Amino acid sequence: MGYETDLKLFIDGVWKTGEGRDAHTVVNPVNASPIAEVPYATKADLEEALEASTRAWPEWRSMDVEKRAAILHKAAALLRERVDLIAATLTQEQGKILAEAKSEVVASAQLFDWYAEEAKRDYGRTLVRPAGQLSRVIRQPVGPVATFTPWNFPLYLLAKKVSAALAAGCTVISRPPHETPGVGTEMFRALADAGIPKGVAQLIHGDAALVSETLIASRVIRKVSFTGSTNVGKHLMRLCADSMTRVTMELGGHAPVLIFDDCDLEKTLDMVVPQKFRNAGQVCVSPTRFYVQNGIYDAFVKGFAERTQKVKIGNGLEADTRMGPLANSRRPDAIDALVQDAKAKGARVLAGGERGEGGFFFQPTLLADVPNEANIMNDEPFGPVAVSRPFDTFEEVIEQANRLPFGLAAFAFTENGRRANLIGDLVESGMVGINTFALSSADAPFGGVKDSGFGSEGGKEGLESYQVVKAIHQA
């Protein structure tokens, strides 16, 4: 199954090739072999995109909501029709297994469908006033938007931003990651084929610094939505400060998993192991810090290790593969450094712990008895490594769960209803899953607290993040 995506820029309704532009080589993480060249936008390209976005916004924001929705529905249908091509492109660019790639395409289409309908339910409200007076509150599109997305879910995270922004009536300029440009290209191809007007949705590949600094410095851009690391997020916020540009930040996490001794142990293990190694652990809400109550700790890590050793790694295009490679050459080095540091500080390796063969592979890994002093207990590994340590009391594990400055996602497994209610209240996290890992859906807000960012994507909150509130008073 070859790489078939034709990588181009999409500016003001025109597909632009790499002629006269610098380019970046896209590689397959299975074997580090080159598979494509992606053209990088020039400063002139960026200025053209900004001008087009400004020109297109008045028409798009005033377009009847049914017509906007029809375009978004058509784009969703095209994504579904092209699922095989897009999923294969995603697997070859990023490494995740084909089944996960197909699920990502389907979930992305669901976002376009959901926001196409949610825009029709944006009612506003009327305030209580004396007869003859009228006060109403409405929401309006914030204006042209710039989005920046990462490589771990390059289609879904892009769709989550673009679908909501377009539904709200905003124009969008998107810069996807250079590791995975093909799936972004295919999403914008679906929008173009669905009839999106010129300048409403534009795709920019390019140098991260040039693109971010040019777009954010422009007074055209009214909102920035970023998903990525905390350090980069803070940098972009500083750039936004000068122009008072609104931001949504979905940043790093380090998800704690609280395993209590009253859980269904075998069922829990069957859930947590596949979830940990989904997308080779390159998931912002990946379960990572496993705190296990002392009474079941030994049985838990034994069962976790046995299941981990059975996870088959390989090319994600092969049907029996359960975990593919990491997405780029930096990740195996980073994971290895964290594992070696943990071992030096007393952690036990119960499964994996070493690089895989060729490409950007790293073995699915379980570390036990990991001390808080280990770097991996404080820095998000973003890879196929689970860390575990025992606990005794409820108060102790809540303190450990909240110990870090991150607060994106947290999980707990218990059959005690009162304890589950307390966990939902006391854990400092934007999202909590109790006996489930299902956190991300089109109708639910997705976002974090503390250093994991602020603002939400998904749900009605996602639509509202691309809107401004206006109060209109009439006597």
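From a predicted model like this one, the values you see are computed outputs, not experimental measurements.
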(message) Are Trp151 and Tyr156, when compared by the centres of their aromatic rings, separated by less than 6.0 Å?
(response) no
(request) With side chain to side chain contact (heavy atoms under 4.5 Å, CB included) as the test, would you mind laying out the steps for Leu350 and Leu367 before giving the verdict? (result) CA-CA 6 Å; Leu350 299 188; Leu367 303 180; over 6 Å; no
(request) Give a yes or no answer on whether the side chain of Trp57 reaches the backbone of Pro141 with a donor-acceptor pair at less than 3.5 Å. (result) no
(message) Can you confirm whether Arg21 sits close enough to Tyr40 that some side-chain heavy atom of one is under 4.5 Å from a side-chain heavy atom of the other?
(response) no
(message) Any heavy-atom pair between the side chains of Glu104 and Pro154 that's under 4.5 Å?
(response) yes
(message) If I take atom OG1 from residue Thr245 and atom CE from residue Met237, how far apart are they, to the nearest 0.5 angstrom?
(response) 11.5 Å
(message) Counting C-beta onward and ignoring hydrogens, is there a side-chain heavy-atom pair between Val145 and Arg222 closer than 4.5 Å?
(response) no
(message) Could you report the tightest heavy-atom contact between Gln340 and Gly353, atom names first, then the distance?
(response) NE2-O, 4.4 Å
(message) Working to the nearest 0.5 angstrom, can you tell me the gap between Thr214 OG1 and Ile221 CD1?
(response) 11.0 Å
(message) Could you tell me if the side chain of Ser243 sits less than 4.5 Å from the side chain of Arg219, heavy atoms only?
(response) yes
(request) State, yes or no, whether a side-chain contact exists between Lys223 and Ser465 at a heavy-atom distance under 4.5 Å. (result) yes
(message) Working note: Glu457 + Ser225, criterion side-chain hydrogen bond (donor to acceptor under 3.5 Å, both in side chains); need CA distance, chi angles, decisive distance, verdict.
(response) CA-CA 9 Å; Glu457 295 179 317; Ser225 182; 2.9 Å; yes
(request) Give the minimum heavy-atom separation between Ser212 and Leu236, together with the two atoms involved. (result) CB-CD2, 3.8 Å
(request) Look at Lys43 together with Asp207 and state whether they make a salt bridge at an N to O cut-off of under 4.0 Å. (result) no
(message) More than 12 heavy atoms of other residues, nucleotides or ligands under 6.0 Å from NZ of Lys198: yes or no?
(response) no
(request) Measure the shortest side-chain to side-chain distance between Thr17 and Asp6 over non-hydrogen atoms and say whether it is less than 4.5 angstrom. (result) no
(message) When you compare the side chain of Phe360 with that of Val30, does any pair of heavy atoms fall below 4.5 Å?
(response) no
(request) Return the minimal non-hydrogen interatomic distance between Cys284 and Leu408, and the atom names on each side. (result) O-CD2, 3.5 Å
(request) Supply the atom-to-atom distance Met377 CE to Arg403 CZ, rounded to the nearest 0.5 angstrom. (result) 5.5 Å
(request) Could you tell me the separation between the CG atom of Asn378 and the CD atom of Glu380, rounded to the nearest 0.5 Å? (result) 12.5 Å
(request) Ignoring hydrogens and angles, tell me if any N or O in the side chain of Gln202 forms a donor-acceptor pair with the backbone of Asp12 under 3.5 Å. (result) yes
(request) List the atom of Pro325, the atom of Pro29, and the distance in Å for their closest heavy-atom pair. (result) CB-O, 3.5 Å
(message) Determine whether a donor-acceptor pair (N or O, by modelled atom type, separation under 3.5 Å) exists between the side chain of Thr321 and the backbone of Met323.
(response) no
(message) If I compare all heavy atoms of Ser452 with all of Gly252, which pair ends up nearest, and what's the gap?
(response) OG-O, 2.5 Å
(request) Answer whether the closest heavy-atom distance between the side chains of Tyr466 and Lys161 falls below 4.5 Å. (result) yes
(request) With rounding to the nearest 0.5 Å, note down the distance linking CG in Asn152 to CG in Asn279. (result) 6.0 Å
(message) Going by side chain to side chain contact (heavy atoms under 4.5 Å, CB included), Lys276 matches just one of Pro384, Pro364, Ser286. Which one?
(response) Ser286
(message) Tell me whether the count of non-hydrogen atoms from other residues, nucleotides or ligands lying under 6.0 Å of NZ in Lys16 goes above 12.
(response) yes
(request) Mind listing the closest non-hydrogen atom pair of Arg189 and Trp15 along with its distance? (result) CA-CZ2, 3.6 Å
(message) Could you check whether Lys450 makes a cation-pi contact with Phe406, meaning its NZ or CZ is under 6.0 Å from the centre of the six-membered ring and within 45° of the ring axis?
(response) no
(message) Could you check whether any side-chain N or O of Lys345 sits under 3.5 Å from a backbone N or O of Val370, counting only pairs where one atom can act as donor and the other as acceptor?
(response) no
